[in-house]
Amino acid sequence: MKIGEVAERTALSIRSLRHYDELGLVSPSAHSPGGFRLYTEADVERLLLIRRMKPLGFSLDRMKDFCRALDTLGAGGGSAGGDVAGGEGQGARFDDDAATTISEIGAEATERLERLRKHLAYAEEFVEIIDRLS
DNA sequence: CTTCTAACA
DNA sequence: TGTTAGAA
């Protein structure tokens, strides 16, 4: 699907989508002969993942790290990507780094979520006050 | 009308 | 990130 539809489905601006593509955060899996970005369902899923991280305040670089780790862990799986006899020593190492990144970001996400909840509470208090005044 | 790139009140 | 110019 083209960028316009993706923007609607992900609630992300076309500007952001192009930006993410330039940064290599989420690039469309294909291009039309005319040069239009063509996204797949998988691309949209990745974009939705980005959307979920956004409110937690992760930097785009951090999101990129997360996606990369996810790909490393997902594609290689248990180093079943067709390794030759004895050639999986490195694969295990990459998987380990990826797993580490995932847990690091996971811990960071928990912290950021707590802060977000605290701020939400502040906002709710504000609205409470306003409602009483109205 | 939609998308693309590049650049900036 | 938004917006905008000019072209495809």
Side-chain angles (χ1 to χ4, degrees):
Chain A
M1 64 196 94
K2 291 199 297 298
I3 198 170
E5 189 183 337
V6 176
E8 293 183 351
R9 290 179 49 174
T10 62
L12 291 171
S13 69
I14 291 179
R15 176 71 170 89
S16 295
L17 262 25
R18 290 185 180 132
H19 191 196
Y20 298 160
D21 180 17
E22 291 178 19
L23 297 180
L25 178 56
V26 179
S27 297
S29 298
H31 285 77
S32 74
F36 289 4
R37 276 169 262 252
L38 298 178
Y39 295 82
T40 63
E41 220 59 49
D43 296 331
V44 173
E45 286 306 310
R46 177 128 302 182
L47 255 5
L48 291 177
L49 197 60
I50 298 304
R51 191 180 69 179
R52 296 183 177 100
M53 292 191 242
K54 263 181 81 173
L56 292 179
F58 282 106
S59 69
L60 295 180
D61 278 332
R62 216 28 191 280
M63 297 183 192
K64 190 173 177 179
D65 290 339
F66 184 72
C67 288
R68 186 182 55 63
L70 221 53
D71 289 332
T72 300
L73 227 50
S79 62
D83 287 335
V84 186
E88 74 165 286
Q90 281 195 328
R93 237 173 50 209
F94 290 149
D95 280 7
D96 194 55
D97 290 344
T100 298
T101 299
I102 298 293
S103 53
E104 283 179 346
I105 294 180
E108 205 178 325
T110 300
E111 296 175 8
R112 289 173 178 281
L113 181 57
E114 286 181 35
R115 216 184 60 167
L116 184 59
R117 284 197 170 116
K118 189 174 67 179
H119 287 183
L120 176 60
Y122 295 157
E124 290 177 330
E125 288 172 18
F126 175 69
V127 173
E128 284 298 308
I129 294 174
I130 295 300
D131 285 347
R132 293 178 187 293
L133 265 49
S134 300

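Separating the CD1 atom of A/Ile14 from the P atom of B/dC4 is a distance of 8 Å, rounded to the nearest angstrom. Between A/Leu38 atom CG and B/dT2 atom P the separation is 17 Å, expressed in whole Å. To the nearest angstrom, C1' of B/dT2 lies 7 Å from NZ of A/Lys2. Taking atom CE of residue A/Met63 and atom C1' of nucleotide C/dT1, one finds them 13 Å apart after rounding to whole Å.
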Map every base of DNA chain C to its dot-bracket character, where paired means a Watson-Crick or G-U wobble contact with both distances under 3.5 Å and | marks a partner outside the strand. .|||||||

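Among all heavy-atom pairs drawn from A/Gly24 and A/Ser27, the shortest one is CA-OG, 4.1 Å. The shortest heavy-atom contact between A/Leu116 and A/Pro55 is CD2-O, 3.7 Å. Across A/Pro28 and A/Leu38, no two heavy atoms sit closer than the pair CB-O, 3.4 Å.
Under the 4.5 Å side-chain contact rule for hydrophobic residues, A/Leu113 and A/Phe66 share a cluster. Placement of A/Tyr20 and A/Phe36 in two distinct hydrophobic clusters is found when ILVMFWY residues are connected by side-chain heavy-atom separations under 4.5 Å, directly or transitively.
Electrostatic pairing of A/Arg68 and A/Asp97 does not count as a salt bridge here, judged by no charged N lying under 4.0 Å from a carboxylate O.
An OP1 or OP2 oxygen of C/dT1 is reached within less than 4.0 angstrom by a side-chain nitrogen or oxygen of A/Lys54.
Listed in residue order, the members of residues 15-37 of chain A having a heavy atom less than 4.0 Å from DNA chain B are A/Arg15, A/Arg18, A/Gly35, A/Phe36, A/Arg37.
In terms of modelled atom types and a separation under 3.5 Å, the side chain of A/Arg112 and the main chain of A/Gly57 share a donor-acceptor contact.
For the 3.5 Å distance criterion, the side chains of A/Asp43 and A/Ser29 qualify, holding a donor opposite an acceptor.
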